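Notes follow the structure.
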Amino acid sequence: MSWVYIKDFKDHVGEEVTVKGWLYNKRKSGKIRFLIVRDGTGYVQCVMVKVELPEEEWSKFSDLTQESSLEVTGKIRAEKRAPGGYELDVNHIRIVQIAQDYPITPKEHGVDFLLERRHLWLRSSRQHLIMQVRNEIIKATRDYFYDNGFILIDTPLITGSIGETASTLFETEYYDFGTAFLAQTGQLYLEAACMAHGRVYGFGPSFRAEKSKTRRHLSEYWHVEGEVAFCDNDENIDIQEDYVCYLVLRVLDRCRSQLEGLERDISKLENITKPFHRFSYDDTIKMLQEMGSDIKWGEDLGGDDETILTEKYNKPIFVINYPAQAKAFYMKRHPDNPELVLCSDLLAPEGYGEIIGASQREDDYDLLIKRIREENLPEEAYGWYLDLRKYGSVPHSGFGLGIERTVTWICGLHHIREAIPFPRMLYRLYP
RNA sequence: UCCCCGAUAGCUCAGCUGGUAGAGCGGGUGGCUGUUAACCACCUUGUCGCAGGUUCGAGUCCUGCUCGGGGAGCCA
């Protein structure tokens, strides 16, 4: 008997096939019984009719429990009443394993209970939809960079004491070198690689040991970083805008049913088209102050600031050229105003906040080493990074996008922890 | 690290000014030939997070601790 995935049922109507999966739920009504089976590609209702089945098959219904694994053989029938359009008339059931007391019942559960059982929670329909959208966003990312001439450069996850300044690093022992760190960005290595390939990108995990307790933070998240030689801050913003539009378009094109299943307001995503809003930091502060924020010039935007700003506009917003004091050492000074750096943050709409941080990098050797010293960074660790400014330095820019924040926004999730299969957070290392 | 909130049945929660613990769901049994988180009837469920204290008496009040949630800072 041929094994058919539920998503392919439309090509096998009238045939006798086998579905291999897990029991999602069951119902009965006297002499007719229903098994809802999922196989990873969809759900199908399997119908058992007493008068058409031998007692041996009929009685298997009582043995089956939620999430028991099974193989059901039967004939596919188009059925208007079925959510997927098809049903399976059961001839034979092979029980693979009986699940005992599956903890996640089709009822309400609390966040802690579910996170403690994340390995099982992934089977739930909503989590299943989110992972499908995440998959599409990641594939779209790879396609975008590949199709636009970027070379994939995998950067090290174990590094010496090098990176951005502000965040805390996870530490680990490394042979005779003492302490090594888990990378919080691959950017500096991508800067090296873009001097070899022109246009490069990286995609991998980043680690932040910040003790953040918010719905926007993970200790381990997946980081997309692009870096382009001979690219200034404005051209860098153009690339980000193009990339984000592409991501949204791909999800709308290929994951529309998933978005509907997640009850995402799709019209809000259809609105994500070029051009995005571009506001200078100075103008942004004025706008926020007029809207009642008590933010002062020189400060980074707070969470509330991002929310009130993005809820006012229906497209993503670039906030451009922040004060140097609020940003990292490697950002290039604004040629007309030494208080500012050439950079941008991209804020997603609907209060989802920052999804990209970007800047033009400081390409002058003397200015960069001055900044490293001002920040009290270990100069010897940055020797190779400074080399890039000695041997054919060129203007270059890049950006970093958080995949989970993007998934959270595009899926319309309440919390980032649902946007990654196994979230790592301040109080969670299990499962 | 700081501020706020929470912990009671397998799950989600109620339990008032202190008087020996309750609902829905789940689970079990039975009924129903089209159910959609099915429905109906009956049955089943507790170290009230931990340790002290106040009291004749504490799920309830007080102190400490543990674990978690929301937010701040920081960032993607």
Side-chain angles (χ1 to χ4, degrees), chain A residues 24-36 43-53 58 62 65-66 77 79-84 87 89 100-117 124-126 163-169 184-187 203-225 240 244 299-307 322 326-328 345-348 352-358 399-409 414-417 419-420 425-428 430:
Chain A
Y24 181 73
N25 203 354
K26 64 177 186 179
R27 288 182 278 271
K28 60 173 182 170
S29 178
K31 308 236 172 351
I32 187 166
R33 296 175 168 178
F34 305 95
L35 299 170
I36 319 297
Y43 298 80
V44 67
Q45 177 159 274
C46 305
V47 185
M48 304 173 72
V49 178
K50 185 174 173 67
V51 296
E52 291 170 12
L53 281 173
W58 177 252
S62 326
T65 55
Q66 190 193 354
R77 173 171 45 75
E79 171 58 65
K80 284 187 193 132
R81 288 171 288 189
E87 286 189 340
D89 290 324
Q100 304 254 348
D101 298 321
Y102 186 72
I104 304 177
T105 57
K107 297 288 171 186
E108 294 166 18
H109 299 284
V111 167
D112 186 49
F113 180 86
L114 291 168
L115 282 174
E116 198 69 14
R117 293 157 184 79
S124 302
S125 58
R126 180 180 163 80
E164 296 180 14
T165 52
S167 305
T168 317
L169 294 153
Q184 55 183 195
T185 173
Q187 178 201 313
F203 179 54
S206 279
F207 306 91
R208 304 274 166 109
E210 301 152 0
K211 295 199 170 176
S212 300
K213 250 174 87 76
T214 79
R215 70 181 72 173
R216 300 188 301 280
H217 287 86
L218 293 166
S219 298
E220 175 184 283
Y221 69 98
W222 285 71
H223 203 175
V224 176
E225 296 176 283
Q240 296 162 51
V244 171
E299 297 174 354
D300 206 348
L301 306 195
D304 289 346
D305 297 319
E306 290 182 359
T307 302
Y322 281 68
K327 290 293 178 182
D345 283 352
L346 180 63
L347 308 180
Y352 281 96
E354 185 177 344
I355 57 171
I356 291 182
F399 62 94
L401 172 141
I403 281 286
E404 288 79 14
R405 287 189 178 179
T406 306
V407 172
T408 302
W409 162 49
H414 176 68
H415 198 297
I416 197 168
R417 63 191 161 208
I420 185 167
M425 297 179 295
L426 183 51
Y427 294 121
R428 188 157 296 283
Y430 178 94

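Just so we're on the same page: letters track the sequence lines, and every chain starts at 1. What you see is a predicted model; the values in this text were computed from it and never measured.
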What's the closest nucleotide to the side chain of [X] if the choices are [options]?
| X | options | result |
| --- | --- | --- |
| Glu108(A) | rA37(B), rU33(B), rG69(B) | rA37(B) |
| Arg208(A) | rG70(B), rG34(B), rC75(B) | rC75(B) |
| Val49(A) | rA76(B), rG70(B), rU33(B) | rU33(B) |
| Ile416(A) | rA76(B), rG71(B), rG34(B) | rA76(B) |
| Glu306(A) | rA72(B), rG34(B), rC75(B) | rC75(B) |
| His415(A) | rU35(B), rG70(B), rC74(B) | rG70(B) |
| Arg77(A) | rG70(B), rG34(B), rG73(B) | rG34(B) |
| Asp112(A) | rG68(B), rG26(B), rC75(B) | rG68(B) |
| Lys213(A) | rC74(B), rA37(B), rG71(B) | rG71(B) |
| Lys211(A) | rU33(B), rA72(B), rU1(B) | rU1(B) |

At under 4.0 Å between heavy atoms, what does [X] touch on the DNA or RNA strands: base, sugar-phosphate, or nothing?
| X | value |
| --- | --- |
| Val224(A) | nothing |
| Glu404(A) | nothing |
| Lys50(A) | nothing |
| Arg33(A) | nothing |
| Glu87(A) | base |
| Asp101(A) | nothing |
| His414(A) | nothing |
| Thr214(A) | base |
| Phe113(A) | sugar-phosphate |
| Leu218(A) | base |
| Asp345(A) | nothing |

Heavy-atom closest contact ([X] atom, [Y] atom, distance):
| X | Y | value |
| --- | --- | --- |
| Glu87(A) | Val44(A) | CA-CG2, 4.1 Å |
| His109(A) | Pro103(A) | CE1-O, 3.8 Å |
| Ile416(A) | Arg216(A) | CD1-O, 3.4 Å |
| Asp345(A) | Tyr322(A) | OD2-OH, 3.1 Å |
| Ser124(A) | Ile104(A) | OG-CG2, 4.2 Å |

Tell me the interatomic distance from [X], atom [atom1], to [N], atom [atom2], rounded to whole angstroms.
| X | N | atom1 | atom2 | answer |
| --- | --- | --- | --- | --- |
| Phe399(A) | rA76(B) | CZ | P | 13 Å |
| Glu52(A) | rG34(B) | CD | P | 14 Å |
| Leu346(A) | rA76(B) | CG | P | 12 Å |
| His217(A) | rC75(B) | NE2 | C1' | 4 Å |
| Ile104(A) | rU12(B) | CD1 | P | 11 Å |
| Asn25(A) | rU35(B) | CG | C1' | 11 Å |
| Glu79(A) | rG34(B) | CD | P | 13 Å |
| Lys28(A) | rC32(B) | NZ | P | 9 Å |

For nucleotides [N] and [M], find the distance between their [atom1] atoms and express it as a whole number of Å.
| N | M | atom1 | result |
| --- | --- | --- | --- |
| rC48(B) | rU20(B) | P | 15 Å |
| rA21(B) | rU47(B) | C1' | 14 Å |
| rG22(B) | rU35(B) | P | 37 Å |
| rU63(B) | rG27(B) | P | 42 Å |
| rC67(B) | rG28(B) | C1' | 33 Å |
| rC5(B) | rA9(B) | P | 23 Å |
| rU45(B) | rA23(B) | P | 12 Å |
| rA41(B) | rC61(B) | C1' | 43 Å |

Q: Select from Lys31(A) and Ser212(A) the residue whose nearest nucleotide in RNA chain B is closer to the 5' end of that strand.
A: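 It is Lys31(A), whose closest nucleotide lies nearer the 5' terminus.
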
Q. When the nearest nucleotide of RNA chain B is assigned to Arg117(A) and to Arg81(A) on a heavy-atom basis, which residue is associated with the more 5' position?
A.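 That would be Arg117(A).
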
Q | Pairwise side-chain contact, Arg33(A) with Cys46(A), heavy-atom cut-off 4.5 Å (strictly under) | A |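 Arg33(A) vs Cys46(A): side chains apart.
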
Q) Can you find a heavy atom in the side chain of Gln184(A) that is under 4.5 Å from one in the side chain of Phe207(A)? A)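 Result no, sub-4.5 Å side-chain heavy-atom pair not found.
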
Q) Are Tyr427(A) and rG68(B) stacked, counting the six-membered base ring, centres under 5.5 Å, planes under 30°? A) no

**Q.** Phosphate contact (rG70(B) OP1 or OP2) by Arg417(A) side-chain N/O below 4.0 Å
**A.** yes

Q: Using distance alone, with no hydrogens and no angle criterion, decide if Arg208(A) and Tyr221(A) have a side-chain donor and acceptor under 3.5 Å apart.
A: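 On atom types as modelled, these side chains qualify, holding a pair under 3.5 Å.
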
If you go through the side-chain atoms of [X], does one of them form a donor-acceptor pair with the base of [N] closer than 3.5 Å?
| X | N | answer |
| --- | --- | --- |
| Gln66(A) | rG26(B) | no |
| Arg405(A) | rC75(B) | yes |
| His109(A) | rC11(B) | no |
| Lys107(A) | rG24(B) | no |

Q.
For the residue pair Arg428(A) and Tyr430(A), would you count it as a cation-pi contact if the rule is NZ or CZ under 6.0 angstrom from the ring centre and within 45 degrees of the ring axis?
A. no

Q | Any donor-acceptor N/O pair, Glu79(A) side chain to Arg81(A) backbone, under 3.5 Å | A | yes

Q.
Between Glu225(A) and Thr185(A), is the side-chain hydrogen bond (donor to acceptor under 3.5 Å, both in side chains) condition met? List the steps.
A. CA-CA 8 Å; Glu225(A) 296 176 283; Thr185(A) 173; 2.5 Å; yes

Q: Please state whether the rings of Phe203(A) and Trp222(A) are parallel, tilted or perpendicular, taking 30° and 60° as the class boundaries.
A: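 Answer is tilted, since the angle falls between 30° and 60°.
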
Q. Reading RNA chain B 5' to 3', how would its secondary structure be written in dot-bracket notation, given Watson-Crick and G-U pairs with both distances under 3.5 Å, brackets [ ] for crossing pairs and | for partners on other strands?
A. (((((((..((((.....[..))))((((((.......))))))....(((((..]....))))))))))))....

